[in-house]
Amino acid sequence: MSKIDIINDKNIPSLLSKEGLTVVLMTSPWDGNGIIMRSIMESISGNFSSVNFSQADYESSPQLARLFSLLSPPGILLIKEGELLHRITKPVSAGKISELINASVA
């Protein structure tokens with residue numbers, strides 16, 4: 001199973017300079033949909049060994065949320081070489097996230 005790194009605003013420079021695809025889940029402890037999305041991310045992260053998976057707390061990472069125009073949690077950001085490829089702002093299935101990841105790494 002892949003590791004999901006915990007990041008915050010201090011990690012923005014390394015996030016933007018990271019090679020390959022990074023999938024970031026932005027959520028809050030009080031966000032029920034975020035809890036579901038976190039469990040989906042944990043379950044699919046092992047299927048993508050070449051993809052970086054990260055999680056950020058929405059409230060403690062306001063610059064990160066602003067940088068990628070995420071107005072409220074939960075949000076999933078697919079970032080490749082510093083460029084935002086996809087922003088998901090509602091709960092979606094593991095299949096849909098996997099589909100976007102596969103399209104983004106191709």
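For clarity, every value in this text was computed on a predicted model and none was experimentally measured.
- Residue Met26 holds its CE atom at 12.0 Å from CZ of Arg87, rounded to the nearest 0.5 Å.
- Interatomic distance, Glu99 CD to Ile97 CD1, rounded to the nearest 0.5 Å: 11.0 Å.
- No path of Ile, Leu, Val, Met, Phe, Trp and Tyr side chains, each step under 4.5 Å between heavy atoms, connects Leu21 with Leu15, placing them in separate hydrophobic clusters.
- Between Leu25 and Phe53, the closest side-chain pair of non-hydrogen atoms is not below 4.5 Å.
- Residues passing the side-chain hydrogen bond (donor to acceptor under 3.5 Å, both in side chains) test with Asp5, sequence neighbours excluded: Lys3.
- For the side-chain hydrogen bond (donor to acceptor under 3.5 Å, both in side chains) test, no residue two or more places apart in sequence or in another chain qualifies with Gln63.
- Going from atom CD of Gln55 over to atom CE of Met37 covers 11.5 Å, rounded to the nearest 0.5 Å.
- A continuous path of ILVMFWY side-chain contacts below 4.5 Å connects Val24 to Leu84, so both sit in one hydrophobic cluster.
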Only distances under 3.5 Å count here; give the side-chain donor-acceptor pairs of residues 73-83 to other protein atoms, sequence neighbours excluded, each with its distance to 0.1 Å.
| residue | atom | partner | partner atom | Å |
| --- | --- | --- | --- | --- |
| Lys80 | NZ | Ser104 | O | 2.8 |
| Glu81 | OE2 | Gly20 | N | 2.7 |

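- Atom CG of Asn33 sits about 11.0 Å away from atom OG1 of Thr89, to the nearest 0.5 Å.
- The side-chain heavy atoms of Val92 and Leu100, taken from C-beta on, include no pair separated by under 4.5 Å.
- Taking Ala103 as the reference, nothing meets the side chain to side chain contact (heavy atoms under 4.5 Å, CB included) condition, with sequence neighbours excluded.
- Across Asp31, Ile4, Thr27, a single residue satisfies side-chain contact (heavy atoms from CB on, under 4.5 Å) together with Arg38, and that is Thr27.
- Shown here are the side chain to side chain contact (heavy atoms under 4.5 Å, CB included) partners of Leu16, two or more places apart in sequence or in another chain: Ile12, Leu67, Phe68.
- A continuous path of ILVMFWY side-chain contacts below 4.5 Å connects Ile101 to Met41, so both sit in one hydrophobic cluster.
- The line from CG of Leu70 to CD1 of Ile88 is 11.0 Å long, rounded to the nearest 0.5 Å.
- Side-chain N or O atoms of Tyr58 include none that pairs as donor or acceptor with a backbone N or O of Pro29 at under 3.5 Å.
- A donor-acceptor pair is defined here as one N or O able to donate and one able to accept, closer than 3.5 Å; such a pair exists between the side chain of Asn11 and the backbone of Asn8.
- Counting all heavy atoms, side chain and backbone alike, Asn52 lies closest to Glu19 at ND2-O, 3.6 Å.
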Take Ser61 and Ile7 through the side chain to side chain contact (heavy atoms under 4.5 Å, CB included) test and state the conclusion after the steps. CA-CA 8 Å; Ser61 304; Ile7 63 170; over 6 Å; no
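- Looking at residues two or more places apart in sequence or on another chain, you find no side-chain hydrogen bond (donor to acceptor under 3.5 Å, both in side chains) involving Ser93.
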